[in-house]
Amino acid sequence: QVQLVESGGDLVQAGGSLNLSCAASGSIFTINAMGWYRQAPGKQREFVAVIISGGSPNYADSVKDRFTFSVDNAKNTLYLQMNSLKPEDTAVYYCYLRGLGATQATFNSWGQGTQVTVSS
């Protein structure tokens, strides 16, 4: 199975920066979609940034021009560079991967989440 492990979450002051990483492992043949989502206390999980089938990253309006989603294919790692952080960015951040495994079976994998806390 495909496993995703996030890291990089931390406590940071407003205006600061943080870089999240998501390492993927397992049998991955094709990636159709990948992205980052977050869930704040008392709220539903929401889209932050996503790449669909080799396209350019799409960002939620709330993070545009502040967050950058990138992928290192050689390392099988997703990154989310977060700048100019705001208290409202506080949430558990999850990476997501959808694609085909070695058996050509579709997979939808989520990481365990990493906590980002932005203080004022």
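Here the shortest heavy-atom pairing between S21 and T77 reads CB-CG2, 4.3 Å. When all heavy atoms are compared, the tightest approach of S120 to A14 is CA-CB, 4.3 Å. Across every non-hydrogen atom of L4 and A24, the tightest pair is CD2-CB, 3.5 Å.
For residues 14-96, the disulfide (SG to SG under 2.5 Å) pairs, not counting sequence neighbours, are C22-C95. Listed by first and then second residue, the salt bridge (charged side-chain N to carboxylate O under 4.0 Å, His left out) pairs involving residues 86-115 are R38-D89, R66-D89 (not counting sequence neighbours). For the disulfide (SG to SG under 2.5 Å) condition, no pair includes a residue of residues 34-77, sequence neighbours left out.
For Q39 (side chain) and E46 (main-chain N/O), no donor-acceptor pair under 3.5 Å exists by modelled atom type.
Crowding of Q44 atom CD: a count of heavy atoms from other residues, nucleotides or ligands under 6.0 Å not exceeding 12.
Taking D65 as the reference, nothing meets the salt bridge (charged side-chain N to carboxylate O under 4.0 Å, His left out) condition, with sequence neighbours excluded. Residues passing the side chain to side chain donor-acceptor pair (under 3.5 Å) test with N83, sequence neighbours excluded: S17, Q81.
Residue F107 is not grouped with residue Y94 when hydrophobic side chains (ILVMFWY) are merged at heavy-atom distances under 4.5 angstrom, including chains of intermediate members.
Taken to the nearest 0.5 Å, the OG1 atom of T114 stands 6.0 Å off from the CG atom of L20. The CG atom of L78 sits 7.0 Å away from atom CD1 of I31, with the distance rounded to the nearest 0.5 Å. Interatomic distance, F67 CZ to L85 CG, rounded to the nearest 0.5 Å: 5.0 Å. Atoms CH2 and CG, on W36 and L80 in that order, are 6.0 Å from each other to the nearest 0.5 Å.
Two residues are said to be in side-chain contact when any heavy atoms from C-beta on lie closer than 4.5 Å; V116 and T90 fail this criterion. Looking at heavy atoms from C-beta onward, R45 lies in side-chain contact with W110 at the 4.5 angstrom threshold. Within the 4.5 Å cutoff, the side chain of I28 has heavy atoms near those of the L97 side chain. Contact of the D10 side chain with the Q115 side chain is not registered, since no non-hydrogen atoms from C-beta on lie closer than 4.5 Å.
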Hey, can you pull the donor-acceptor pairs under 3.5 Å for the side chains in residues 50-61, sequence neighbours left out?
from, atom 1, to, atom 2, distance (Å)
Y59, OH, F69, N, 2.8
D61, OD1, K64, NZ, 3.0

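Ring geometry for Y96 versus Y37: interplanar angle over 60°, hence perpendicular rather than tilted (30 to 60°).
Evaluated for a side chain to side chain contact (heavy atoms under 4.5 Å, CB included) with M82, the options N19, V12, L18 yield exactly one hit, L18.
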